[in-house]
Amino acid sequence: MADTAFMEKLVALCKRRGFIFQSSEIYGGIGGFWDYGPLGVELKRNIKNRWWQDMIVNPPAGPDGRELEMVGLDCSIIMNPQVWVASGHAGGFADPMVACKTENCNALIRADQFFCVAYFPVPMTGTELDELSTVLDGLIRKFKQAISAGVENGESELEKLITEFSAFSKLQTPLLVKSVIASSEIEAIASVTLTKLERKLVGESSKSPLAFPFSAAYQMRNTFGPVCCPRCGLASLATPRQFNLMFESNTGAVRTESSRVYLRPETAQGIFCNYKNVLDTSRVKIPFGIGQVGKAFRNEINPRNYTFRSREFEQMEIEFFCRDEDSMMWYEFWRNTRFKWYTDLGLAGSKLRLRDQTKDELAHYSRACADIEYLFPFADDFQELEGVAHRGCFDLTQHAKHSGKDLNYFDEEGWAKFLAERKAKGEPELTKDQKAEIGGKAPYRFLPTVIEPSAGADRGTLAFLCEAYHEDTAPDEKGVAQTRVVMRFHPKLAPVKAAVFPLVNKEGMPETADKLYKELKREMVVQYDDGGAIGRRYRRQDEIGTPFCITIDGETIGAAGATNPGTVTIRERDSLQQHRVAIGSVKAWLKERIGD
RNA sequence: GCGGGCGUAACUCAAUUGGCAGAGUGUCAGCCUUCCAAGCUGAAUGUUGACGGUUCGAAUCCGUUCGCCCGCUCCA
């Protein structure tokens, strides 16, 4: 169950303490855009820096035990518009939506994700059903491919399908396009369970149902009858409309059709477009990866759930290039590596899961995809933080085709070895033509296969915020249990690593504390606080998730009766335990616990 | 896009039938305080989202508009 009360408390805290603000708040805000305040920026930066450090600078060893080759990149947000034609975003990143006009229904349907069912007046024979299934399978596959490939002219693609369907459908005339069902049920309809489903849909009547894409059904409504809303069941659907999710802008001061450009909807295409540059300049060899952290933009139909679905968001993406025969090994590697990264940083509970996508969910070019998902307090279901996708060589193929450039990888090492082996065996030297012939294809020249771990930085930040929020009880000075709000960030992610307090504002304690504070701030984010009672200061730091509080007391300054002169207390946020540490060792003590 | 809900201090929320815009928390200043907030004193902060209307008088009623939240839907 969604815990809205929890979410409201977290959102209030984020505002009150300066983690997250609404964008342009003084003007009433703007939906789908958010600002990170002084603490939020530290938290998000820590997450991005960790990612960069753990994935690019010092990645774990590969599945073969060898060092991983990873390099970084920082691409522009606006690219040549042809990029988006090649990637499929220009054509396919637009969802055909259809709304129901019934007063109390108003359902909104993704037309490409729904299929219609038609019923035939006469029962079919087993052979006819088999034939029907085969044809349907083919049609559905083609339709899905057309959608995911982002065919530039979806209309004509649909018409082709309809013609094909009509040719077949002279077998029987459908009675009525009755309902719309989710694509996940399509397998059931198009395969052997026809009769079972038939019963489910039309009781014990003998009509045989036939399913086909919603858009096709809509176009054929004059022949087959009206398409009904899946929710209210009435024939009240409006004309399907395109929802384009690309942000548009213009280059140059004069706006014309040809000046139109797009803000990138993902950082990945910048990597693919620079893949050849990286190969040519940085001495990397396959397998290797390129990582990038950067903003991306999508005109979400309806941004919701705090920062979870923003229209401007930040991604942390890797494109890992490898040989196709090793690709499933690398896919497994990245799938596990990325999941472990989250658990190591504290998303360790049952709220985090690794889920393999089903065949239905996969894009047509994708061989496998795993989602790393988090159960946010605002949702009933797990939501995606990151997708690790096996993309085959789809992207590079597309860019090679559209740019006209050869994006093949040439394995110089393997080629040299091949030539040397021939020589050793005393085989005759190859002619120029033979060399071009053999060296011009696999295994020496080929388009690499790509594994893409693509993480949402803002989603990750939000997940870490949700995971950190705790209310527990701690005793006050009278020993009475009091509720306290504590953000239990992993020390590596905590926006403030430590706070320095003088126990009281006299006897030289402020001076000593200030000196320690200034020394620590050279290497980490620390705060100095002398305001109010010590307990109040502890609670303030608990609320922003500072893992360690250092107090300068009588012992530190060697007051009369001190048994541990020159030591401070370091209080731990989660356990409330205190440690006595020599003031000169504080920095080392903290660094040991916070890590690099 | 459609439907519903809602806009009062930094946060959480009051304000009787239309009658002087308030409280708690937080923040700031000072005092007190030798280790876990709700000790003391004081202070600042509001064109009640905006515009218009009704009225002697509007946070409150009406209209318009802007924005936010929820549902349908999408996704990193």
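What's counted below: heavy atoms across the whole structure, side chains too, no hydrogens, waters or symmetry copies. Below, chain A is the first sequence line, B the second, and so on; all start at residue 1.
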> For the pair made of CD in A:Gln22 and P in B:C69, what is the distance, rounded to whole Å?
Replying inline: 7 Å
> Out of B:U33, B:A10, B:C35, which has the shortest distance to the side chain of A:Lys15?
Replying inline: B:A10
>> Measuring from the side chain of A:Arg17 (C-beta onward, heavy atoms only), which nucleotide among B:G26, B:C35, B:U34 has the closest atom?
In response: B:G26
> Using a cut-off of 4.0 Å on non-hydrogen atoms, how would the nucleic acid contact of A:Phe308 be classed: base, sugar-phosphate, or nothing?
Replying inline: base
> Applying a 3.5 Å limit to both distances, which nucleotide forms a Watson-Crick or G-U wobble pair with B:C6?
Replying inline: B:G67
>> Testing the basics here: between A:Gly32 and A:Pro303, what is the closest heavy-atom pair and its distance to 0.1 Å?
In response: CA-CB, 3.5 Å
> In whole Å, what separates the C1' atom of B:U12 from that of B:G53?
Replying inline: 33 Å
> Are any non-hydrogen side-chain atoms of A:Phe548 and A:Trp589 less than 4.5 angstrom apart?
Replying inline: yes
> So what does A:Leu385 touch, heavy atoms closer than 4.0 Å: a base, only the sugar-phosphate, or nothing?
Replying inline: sugar-phosphate
>> Using a heavy-atom cut-off of 4.0 Å across all strands, would you classify A:Arg571 as base, sugar-phosphate, or nothing?
In response: base
> Using the P atom in both, what is the distance from B:G19 to B:G26, to the nearest Å?
Replying inline: 32 Å
>> In whole Å, measure the gap between the P atoms of B:C20 and B:G57 for me.
In response: 15 Å
>> With hydrogens left out and only the distance checked, is there a donor-acceptor pair under 3.5 Å joining A:Glu384's side chain and the base of B:C75?
In response: no
> Across the strands shown, which category fits A:Asp530 at heavy-atom distances under 4.0 angstrom: base, sugar-phosphate, nothing?
Replying inline: nothing
> Using purine N1 to pyrimidine N3 plus N6-O4 or O6-N4 for Watson-Crick, or N1-O2 and O6-N3 for G-U wobble, both under 3.5 Å, which nucleotide pairs with B:U45?
Replying inline: none
>> What is the distance, to the nearest angstrom, from the CZ atom on A:Arg16 to the C1' atom on B:U12?
In response: 9 Å
>> Taking the P atom in each of B:G46 and B:G1, what is the distance between them to the nearest angstrom?
In response: 34 Å
> Does the side chain of A:Val293 reach to within under 4.5 Å of the side chain of A:Met55, using non-hydrogen atoms?
Replying inline: no
> Is NZ or CZ of A:Arg311 both nearer than 6.0 Å to the six-membered ring centre of A:Phe297 and within 45° of the ring axis?
Replying inline: no
> Distance between the P atoms of B:U27 and B:A38, in whole angstroms?
Replying inline: 13 Å
>> I want to verify a distance call: between B:C74, B:C35, B:C36, whose nearest atom is closest to the A:Arg539 side chain?
In response: B:C36
>> Of the options B:C75, B:U33, B:C36, whose atoms approach the side-chain atoms of A:Asn505 most closely?
In response: B:U33
> Does B:G39 pair with anything, Watson-Crick or G-U wobble, both distances under 3.5 Å, and if so, with which nucleotide?
Replying inline: B:C31
>> Please report the distance, rounded to the nearest Å, between CD in A:Glu25 and P in B:G49.
In response: 14 Å
> What nucleotide among B:A76, B:C35, B:C69 has an atom nearest to a side-chain atom of A:Tyr538?
Replying inline: B:C35
> Closest approach of A:Phe313 and A:Pro265, non-hydrogen atoms and distance?
Replying inline: CZ-O, 3.9 Å
> What is the nucleic acid contact for A:Gln383, judged by heavy atoms within less than 4.0 Å: base, sugar-phosphate only, or nothing?
Replying inline: base
>> I want to check a possible cation-pi pair here: A:Arg571 against A:Tyr538, using under 6.0 Å from ring centre and within 45° of the ring axis as the test.
In response: yes
> Among the nucleotides B:A76, B:C70, B:A38, which one has an atom lying closest to any side-chain atom of A:Arg536?
Replying inline: B:A38
>> Heavy atoms only, 4.0 Å cut-off, all strands: where does A:Glu317 land among base, sugar-phosphate and nothing?
In response: nothing
>> Can you measure A:Asp458 atom CG to B:C75 atom C1' for me and round it to whole angstrom units?
In response: 13 Å
> Quantified in whole Å, what is the P atom distance between nucleotide B:C6 and nucleotide B:C62?
Replying inline: 12 Å
> Between B:C36 and B:C11, how far is it from one C1' atom to the other, in whole Å?
Replying inline: 23 Å
>> Both A:Asp371 and A:Glu555 contact RNA chain B. Which one's nearest nucleotide lies toward the 5' end?
In response: A:Glu555
>> Taking pairing as Watson-Crick or G-U wobble with both contacts under 3.5 Å, can you name the mate of B:G57, or confirm there isn't one?
In response: none
> Could you state the CG-C1' distance from A:Leu576 to B:A37, rounded to the nearest angstrom?
Replying inline: 13 Å
>> Please report the distance, rounded to the nearest Å, between CE in A:Met55 and P in B:A76.
In response: 19 Å
> Could you state the CZ-P distance from A:Arg264 to B:C75, rounded to the nearest angstrom?
Replying inline: 21 Å
> Among the nucleotides B:C11, B:A76, B:U33, which one has an atom lying closest to any side-chain atom of A:Ala12?
Replying inline: B:C11
>> Assess, by modelled atom type and distance only, whether the side chains of A:Thr461 and A:Asp458 contain a donor and an acceptor separated by less than 3.5 Å.
In response: no
>> Please find the pair of heavy atoms, one from A:Tyr331 and one from A:Cys369, that lie closest to each other, and give the distance.
In response: OH-C, 3.2 Å
> Across all strands, who's sitting opposite B:C72 as a Watson-Crick or G-U wobble pair, both distances under 3.5 Å?
Replying inline: B:G1
> Just wondering, do A:Phe313 and B:A76 stack (centres under 5.5 Å, planes under 30°)?
Replying inline: yes
> When the P atoms of B:G49 and B:A9 are considered, how many whole Å apart are they?
Replying inline: 8 Å
> Across the strands shown, which category fits A:Ser310 at heavy-atom distances under 4.0 angstrom: base, sugar-phosphate, nothing?
Replying inline: base
>> Rounded to whole Å, please give me the gap between CZ in A:Arg298 and P in B:A76.
In response: 5 Å
>> Nearest heavy atom decides the nucleotide; on that basis, is A:Ile30 or A:Val568 closer to the 5' end of RNA chain B?
In response: A:Val568
